[in-house]
Amino acid sequence: MKSLVLYSSKSGNTKKLAEALYNHLSGEKELFALADAPDPTGYTFIALGFWLKGGQPDPDSQVYLARMEEGQDLYLFATHGAAADSPHAQNAMNKAKALAAKAHIVATFSCPGQVAEKVLEKAAKKDPQPPWLADAPAAAGHPDEKDLENVVRMLVELDLP
Ligand SMILES: Cc1cc2nc3c(=O)[nH]c(=O)nc-3n(C[C@H](O)[C@H](O)[C@H](O)COP(=O)(O)O)c2cc1C
């Protein structure tokens, strides 16, 4: 069983989740930023983390997700300015699932991720303001220790590697 943990992360939030997952996994494992990611072929378990942009998985993640193959177990995780249980975040996760339709999705997890001040300022000037902006103040400080525990707990509960 060869595991691959991948992340796309502009400001470091999603990378934190990826590192927590990677540290938890046992056996043969690799951790890469998506920009350096190997081909998915040959990995039986892949965990891929993305951040939300425009209500969707970030563009690099979308490209890689479409390359997932049959017979691969895939754990999708994400961070976003929106609240974890928001339709906005759920829609983005559904989009990720649809893109990776060939893979076997074993689990999903998402949590808020702190939004940089400049990004908030820019978003506030938009008309209409993006739907996630109202939730963004509550994302400050995330992912926190609890989020890191939870992203790992999904694996433990599913008895994955
Ligand atoms: C250009 C840009 C667009 C964003 N668009 C969204 C969005 O559509 N929905 C959302 O919930 N968060 C949005 N965010 C917030 C990020 O998804 C969030 O802060 C995430 O945790 C960033 O992850 P990272 O630190 O791994 O890059 C946006 C951030 C940036 C910089």
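Note that the structure is a prediction, hence the values are computed from the model and not measured. Atoms within each ligand, like the ligands themselves, are counted from 1 in listed order.
Of the possible donor and acceptor atoms, none in the side chain of Asp58 sits under 3.5 Å from a partner among the backbone N and O of Phe50. Using modelled atom types, no side-chain atom of Gln72 and backbone atom of Ala103 make a donor-acceptor pair closer than 3.5 Å. Here the side chain of Ser110 pairs no donor or acceptor atom with the backbone of Ala78 at under 3.5 angstrom. Within the 3.5 Å criterion, the main-chain N or O of Pro57 finds a donor-acceptor partner in the side chain of Gln62. With hydrogens and angles ignored, the 3.5 Å screen pairs a side-chain donor or acceptor of Asn23 with a backbone N or O of Glu19.
For ligand 1, the atoms lying closer than 4.0 Å to a non-hydrogen atom of Gly81 are 10 (C), 11 (O), 12 (N), 15 (C), 18 (C). The distance from ligand 1 to the heavy atoms of Ser9 drops below 4.0 Å at these ligand atoms: 24 (P), 25 (O), 26 (O), 27 (O). Distances below 4.0 Å separate heavy atoms of Val119 from the following atoms of ligand 1: 29 (C), 30 (C), 31 (C). Residue-ligand proximity, Gln114 to ligand 1, at heavy-atom distances under 4.0 Å covers atoms 19 (O). Applying the 4.0 Å criterion to heavy atoms of Thr79 picks out, from ligand 1, the atoms 17 (O), 20 (C), 21 (O), 22 (C), 23 (O). Distances below 4.0 Å separate heavy atoms of Lys10 from the following atoms of ligand 1: 24 (P), 26 (O), 27 (O), 31 (C).
Lys53 CG, 3.9 Å is the protein heavy atom nearest to atom 3 (C) of ligand 1. Nearest protein neighbour of atom 4 (C) of ligand 1, counting heavy atoms only, is Leu52 O, 3.3 Å. Protein heavy atom at the shortest distance from atom 25 (O) of ligand 1 is Ser11 OG, 2.5 Å. Looking only at protein heavy atoms, the nearest one to atom 2 (C) of ligand 1 is Trp51 CZ3, 3.7 Å. Of the protein's non-hydrogen atoms, the one nearest atom 8 (O) of ligand 1 is Gly55 N, 2.7 Å. Atom 9 (N) of ligand 1 has its closest protein heavy atom at His88 NE2, 2.8 Å.
Close N/O approach between Thr14 and ligand 1 is found [any backbone or side-chain N/O within under 3.5 Å]. The shortest N or O to N or O distance between Trp132 and ligand 1 is under 3.5 Å.
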(request) Begin from the C-alpha positions of Lys16 and Asp147 and carry the test salt bridge (Lys or Arg N to Asp or Glu O under 4.0 Å) through to its verdict. (result) CA-CA 10 Å; Lys16 284 184 193 166; Asp147 297 321; over 6 Å; no
(request) Please assess Leu25 against Val5 for the test side chain to side chain contact (heavy atoms under 4.5 Å, CB included), listing each intermediate value before the final yes or no. (result) CA-CA 9 Å; Leu25 286 166; Val5 181; 3.5 Å; yes
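In plain terms, the two heavy atoms of Pro131 and His88 that are nearest each other are CG-ND1, 3.7 Å.
Figure legend: cation-pi geometry between Lys29 and Tyr22, with NZ or CZ positioned under 6.0 Å from the six-membered ring centre and within 45° of its axis.
If you chain together hydrophobic residues whose side chains sit under 4.5 Å apart, Tyr75 and Leu48 never meet in one group.
Not a single heavy atom of Pro130 sits less than 4.0 Å from an atom of ligand 1.
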